Amino acid sequence: MRHEEHMKYLEEMEQAGKMAYGGVDLVNNPPHYNQTGIECVEAIAAATDDRFEYYLQGNILKYLWRYRYKNGIEDLKKAQWYLNKLIEIKGE
């Protein structure tokens, strides 16, 4: 499969995932990470303190590593979300 075809396929899979979840934004506001009114990432930040940036780096790498094989564009957006969070905390 050529790269363009593969990327189109991945985008179609992302759209199918959104339709399956009723159009919920699984990148920026996944409901399964906020069941108790506390965002999971905020609890992790509190628990890891000054090591939180390593957690973010690990997730960036994870989503970049797997995007071709699992969730395509959605995983790239997740990597971007974690990168934006890392930039946010390093800019403080």
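In what follows, residues are counted from 1 in the order of the sequence shown. FYI, side chains are in, hydrogens and waters are out, and symmetry mates aren't considered; it's all heavy atoms of this structure. Remember, predicted model here, so these are calculated numbers, not experimental data.
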Do [X] and [Y] share a hydrophobic cluster, counting only Ile, Leu, Val, Met, Phe, Trp and Tyr and linking them when any side-chain heavy atoms are less than 4.5 Å apart?
| X | Y | answer |
| --- | --- | --- |
| I87 | I89 | yes |
| V41 | Y54 | no |
| Y63 | I44 | yes |

For the atom pair CG (D75) and CD (Q80), what is the distance rounded to the nearest 0.5 Å?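 Rounded to the nearest 0.5 Å, the CG-CD separation comes to 12.5 Å.
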Interatomic spacing from CD in E88 to CG in L83 - rounded to 0.5 Å: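 Spacing of CD (E88) from CG (L83) equals 11.5 Å.
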Heavy-atom pair with the smallest gap, counting every atom of K62 and N59: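 Heavy atoms only, the tightest pair is NZ-OD1, 3.1 Å.
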Provide the closest heavy-atom pair for A45 versus F52 in the form atom of the first, atom of the second, distance.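 For A45 versus F52, the nearest heavy atoms are CA-CD1, 3.4 Å.
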Criterion side-chain hydrogen bond (donor to acceptor under 3.5 Å, both in side chains) against E74, the qualifying member of K78, K77, K70: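 By the side-chain hydrogen bond (donor to acceptor under 3.5 Å, both in side chains) criterion, E74 pairs with just one of K78, K77, K70: K78.
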Look at the aromatic rings of Y82 and Y55 and report parallel, tilted or perpendicular, splitting at 30° and 60°.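 If you compare the ring of Y82 with that of Y55, the planes turn out perpendicular.
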Please name all residues satisfying side chain to side chain donor-acceptor pair (under 3.5 Å) with E42, sequence neighbours left out, ordered by chain then number.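 Residues passing side chain to side chain donor-acceptor pair (under 3.5 Å) with E42: K85.
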